[in-house]
Amino acid sequence: MTTWIWALAAVVLFAVYLSWTAGRLDRLHARIDAARASLDAQLLRRASVAMELATSSLLDPAASILLLEAAHAARQAQDEQREVAESELSLALRAVLDEPEQVAALRAAPGGEDAVRDLVEAVRRVPMARRFHNDAVRAARAVREHRLVRYFRLAGRAPFPMAFEMDDEPPTALTPEGAPA
């Protein structure tokens, strides 16, 4: 009789562990969804600010066209092409605003100080949002790789989480290190 009680207790403890693990995995997937929504919002904000700057006539025509095309492509990109389009927007921002003299001239123009401030905030938030998203993905992957999670299919039908890899380095002149003193 004692053997049955111990066996039942072991089965109950194992079931509680599996339930706890499934709940943890569910919370991690919810965290990924929230982080992805935040990342999407920050990427959209960065593209919008870049489009505003490109259409503000504060930049020369060639720089405006380059920035406008990259920002438009980033906003219109489908999920499969999003990382590439966002990386190209980062490259365009660096090409247009990498020199401190360019940023200083932009700030000196009427309305330029606000445009630069908005752009600095937008490009600063993208790497943070991407880091939060990728950290959540890394944590969920670590749990999903456990043998018990795979054997008992605790992840259900949730897709395997994928990290968002892009070039998110801001223009040097927009960072505190590269700003003119």
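If you're wondering where the values come from, they're calculated on a predicted model, not measured in any experiment. Along the sequence shown, residues carry numbers from 1.
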Say whether [X] and [Y] are linked into one hydrophobic cluster, either directly or through other cluster members, by side-chain heavy-atom distances under 4.5 angstrom.
X      : Y      : result
Leu119 : Leu59  : yes
Leu106 : Leu174 : yes
Met51  : Leu66  : no
Val96  : Leu43  : no
Leu93  : Val126 : no

*asked:* side-chain contact (heavy atoms from CB on, under 4.5 Å), that's the test. Do Val137 and Arg36 meet it? Break it down for me.
replied: CA-CA 10 Å; Val137 166; Arg36 181 60 189 238; over 6 Å; no

_Which residue is it: Asp168, Asp167, Asp135? I am looking for the one with a salt bridge (charged side-chain N to carboxylate O under 4.0 Å, His left out) to Arg130._
Asp168

Distance, nearest 0.5 Å, that separates [atom1] of [X] from [atom2] of [Y]:
X      : Y      : atom1 : atom2 : value
Met166 : Leu89  : CE    : CG    : 7.5 Å
Leu148 : Arg153 : CG    : CZ    : 14.0 Å
Asp118 : Leu53  : CG    : CG    : 9.5 Å

Compile the donor-acceptor pairs under 3.5 Å between side chains in residues 10-27 and protein atoms, sequence neighbours left out, one pair per line.
unit_1	atom_1	unit_2	atom_2	d
Thr21	OG1	Tyr17	O	2.9
Arg27	NH1	Gly23	O	3.4

Please check if the side chain of [X] supplies one atom and the backbone of [Y] the other of a donor-acceptor pair under 3.5 Å.
X      : Y      : answer
Arg141 : Pro161 : yes
Glu88  : Ala70  : no
Ser87  : Glu83  : yes
Asp98  : Thr172 : yes
Arg46  : Glu86  : yes
Arg150 : Glu145 : yes

*Go through the steps for Asn134 and Glu165 under the test side-chain contact (heavy atoms from CB on, under 4.5 Å), then give the verdict.*
CA-CA 8 Å; Asn134 289 348; Glu165 298 300 331; 3.7 Å; yes

_Worked verdict on Met128 versus Gln42 for side-chain contact (heavy atoms from CB on, under 4.5 Å)_ = CA-CA 9 Å; Met128 288 188 296; Gln42 295 305 323; over 6 Å; no

For residues [X] and [Y], report the shortest heavy-atom separation together with the two atoms involved.
X      : Y      : result
Thr175 : Pro170 : CG2-CG, 3.6 Å
Pro171 : Leu97  : CB-O, 3.4 Å
Ala140 : Leu28  : CA-CD1, 3.9 Å
Ala77  : Ala85  : CB-CB, 3.7 Å

*Please list, chain by chain and in numerical order, all residues satisfying salt bridge (Lys or Arg N to Asp or Glu O under 4.0 Å) with Glu169, sequence neighbours excluded.*
none

_One thing to verify: whether Asp114 and Arg117 come together as a salt bridge, which I'm taking to mean a side-chain N less than 4.0 angstrom from a carboxylate O._
yes

